[in-house]
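A short worksheet on the structure shown next.
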Amino acid sequence: MKVNREEIFRLLEEGKKVTREQILDILERAKRKEKITHLDIARLLYIEDQDLIQEMFEVAGKIKRDVYGNRVVLFAPLYVSDFCVNNCVYCGYKKENQFHRRKLTMDEVRKEVMILEEMGHKRLALEAGEDPVNCDIEYILECIDTIYDTYNKNGKIRRINVNIAATTVENYRRLKEKGIGTYILFQETFDEEVYRRVHPNCIKGNYEYHTTAFDRAMEAGIEDVGAGVLFGLADPRFEVLALMMQNEHLEKRFGVGFHTISVPRLRPAERVNLETFPHLLDDEMFKKIVTIIRIAVPYTGMILSTRESAEMRELLLKYGISQVSAGSCTGVGGYEEHIKGKQVSQFKLADERSPRQVIEDLMKAGYIPSYCTSCYRTGRVGEKFMEIAKTEKIHNMCKPNALTTLLEYAVDYGDEELLQKVETFVREQASEIENTHIRNFVLKNIDKLKAGERDLYL
Ligand code: SF4
Ligand code: SF4
């Protein structure tokens with residue numbers, strides 16, 4: 001996709017002149033989940049009035065509840081290689097940083113996966129630096145096979161989302177054949193000038209190749225793609241508009257836009273000086289951005305990582321976020337190292353709670369932590385998924401599946417105390433399901449799971 005800089009700057013200039021009446025009109029249409037325009041988005045990005053901001057949060061919160069109910073999907077990243085030929089100025093893995101680099105052997109991949117399965121995870125994001133020699137596509141494909149083949153008690157990874165560097169149609173085709181879930185690629189920044197500046201002397205500095213990666217992935221048949229911007233590199237308003245334009249470009253060309261959008265904010269990392277970035281996002285603007293994206297694309301999942309604090313994660317779950325990582329380690333071999341008390345990471349985390357703590361906190365706040373991966377396994381992907389999501393019938397699957405996978409986690413990996421807590425919670429939540437068939441599906445699953453059946457879903 002060609003990013004239309006002039007058009008974005010024009011929209012931002014126009015957006016600055018926004019009036020109260022215009023905002024109220026946009027929010028009214030958003031409440032009805034009507035598609036809002038680029039100019040509407042630009043206007044929302046300039047809201048300053050506290051009452052209007054609050055009103056916008058309420059609208060985003062309503063959309064979030066209507067579309068996603070109270071379930072929150074959990075996942076974890078798995079870093080398999082920190083070899084990298086790039087020089088991204090914001091990343092601890094950049095090639096000029098001297099440290100002992102490595103990639104996991106298949107035995108080590110198995111060990112990491114078993115630790116993640118012990119935490120209950122069924123959905124991973126496979127992460128690797130870019131290095132065509134030390135970490136080629138063959139290695140990534142072998143990792144995928146190993147992950148899908150690794151069992152721990154009853155646990156198995158059911159969906160591997162892959163976050164690797166932009167590549168060729170042929171390589172995307174091979175990833176697709178391995179049965180990956182979402183192909184994730186962070187644009188980092190859509191501002192071409194900034195993009196070139198923060199990726200000096202490296203392959204990743206090819207802006208055009210990077211911004212057309214999703215086109216190649218979808219040409220290769222990958223149906224779910226997930227985008228992200230590293231907020232803090234360039235003007236966040238510019239990024240939001242460019243993100244929405246790229247989404248529309250994919251919708252027009254392939255019938256479906258982003259499956260997910262991630263919203264990482266720049267974090268401290270080895271030899272990364274945050275003071276050199278003039279666009280760091282404060283909490284207030286960050287909250288606005290999340291709510292505006294939720295309003296603009298109600299049916300696109302939004303992902304928040306452990307870069308954010310537990311408090312920020314809890315708050316944004318109300319206004320837009322639908323997936324969070326839990327118990328993450330952002331270093332190669334990080335899960336095993338963590339057990340041994342050592343930490344190696346790509347960037348610093350702000351939420352270091354264990355998955356169990358995350359789960360207990362979510363339940364306390366009224367959310368259903370979910371390990372569900374059923375859409376991908378029943379072929380509800382790409383355009384088909386969006387069609388169902390837009391009818392809001394996905395609810396009828398998400399909630400019972402979330403409750404079932406939560407109980408499965410507690411039966412397999414919880415102690416007696418956690419199992420009791422989860423079972424009580426699942427029964428309470430099930431009692432609120434109006435549809436008898438769906439309610440009974442959940443209640444029967446409690447007995448089936450305790451009797452040893454696994455992997456039950458709608
Ligand atoms: Fe390498 Fe990715 Fe870090 Fe850039 S962001 S230095 S490509 S690991
Ligand atoms: Fe996600 Fe589909 Fe499961 Fe809902 S039913 S949580 S959309 S995989």
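Whatever order the structure lists them in is the order used to number ligands and atoms, beginning at 1.
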Worksheet item: Are any of the side-chain heavy atoms of Phe385 and Ile394 separated by less than 4.5 Å?
Response: yes
Item to complete: Hey, could you give me the CG/CD1 distance between Asn87 and Ile203, rounded to the nearest 0.5 Å?
Response: 11.5 Å
Worksheet entry | Element-labelled atoms of ligand 1 that are located less than 4.0 Å from some non-hydrogen atom of Cys88 | 4 (Fe), 5 (S), 6 (S), 7 (S)
Discussion item. Let me confirm one number: the CG-CG distance from Leu124 to Leu126, rounded to the nearest 0.5 Å.
Written reply: 8.0 Å
Discussion item. What's the separation between atom OG1 in Thr404 and atom CG in Asn445, rounded to the nearest 0.5 Å?
Written reply: 4.0 Å
Worksheet entry | For Cys84, atoms of ligand 1 separated by under 4.0 Å from a heavy atom | 1 (Fe), 6 (S), 7 (S), 8 (S)
Discussion item. Just to be sure I'm reading this right: ignoring hydrogens, which of Arg377, Met397, Arg158, Arg123 gets closest to atom 1 (Fe) of ligand 2? Compare them by their nearest heavy atoms.
Written reply: Arg123
Practice prompt. Heavy-atom contacts with Cys372 under 4.0 Å: which atoms of ligand 2 show up? List them by number with element.
Written response: 3 (Fe), 5 (S), 6 (S), 8 (S)
Discussion item. Please determine whether any non-hydrogen atom of Tyr457 lies less than 4.0 Å from an atom of ligand 2.
Written reply: no
Worksheet item: Looking at Glu360 and Lys421, does any basic side-chain N land under 4.0 Å from a carboxylate oxygen?
Response: yes
Worksheet entry | For Lys94, atoms of ligand 1 separated by under 4.0 Å from a heavy atom | 6 (S)
Practice prompt. Output yes if Cys375 passes the N/O/S-under-2.8 Å test against atom 2 (Fe) of ligand 2; output no otherwise.
Written response: yes
Discussion item. Do Lys122 and Glu117 have side chains that approach each other closer than 4.5 Å (heavy atoms only, starting at C-beta)?
Written reply: no
Worksheet item: Which atoms of ligand 1 are found less than 4.0 Å from any heavy atom of Lys204?
Response: 4 (Fe), 5 (S), 7 (S)
Fill in: Sub-4.0 Å atoms of ligand 2 with respect to non-hydrogen atoms of Arg71
6 (S)
Worksheet entry | Those atoms of ligand 2 less than 4.0 Å from some heavy atom in Asn401 | 5 (S)
Worksheet, complete the sentence: Counting from 1 in the order shown, the ligand 1 atoms closer than 4.0 Å to a non-hydrogen atom of Asn86 are 7 (S)
Discussion item. Heavy-atom pairs closer than 4.0 Å: do any link ligand 2 to the side chain of Phe385, the backbone, both, or neither?
Written reply: side chain
Practice prompt. Please state whether the rings of His210 and Tyr195 are parallel, tilted or perpendicular, taking 30° and 60° as the class boundaries.
Written response: tilted
Worksheet entry | Sub-4.0 Å atoms of ligand 2 with respect to non-hydrogen atoms of Ser374 | 3 (Fe), 5 (S), 8 (S)
Worksheet item: Would Arg102 and Asp82 pass as an ion pair if we require N to O under 4.0 Å?
Response: no
Worksheet entry | N, O or S atom of Cys91 closer to atom 1 (Fe) of ligand 1 than 2.8 Å | no
Worksheet item: Can you check whether Phe258 and Phe214 have ring centres sitting under 6.0 Å from each other?
Response: yes
Practice prompt. Fit a plane to each ring of Tyr409 and Tyr371, take the angle between them on a 0 to 90° scale, and name the class: parallel (under 30°), tilted (30 to 60°) or perpendicular (over 60°).
Written response: tilted
Worksheet item: Which ligand 2 atoms are under 4.0 Å away from a heavy-atom of Cys398?
Response: 4 (Fe), 5 (S), 6 (S), 7 (S)
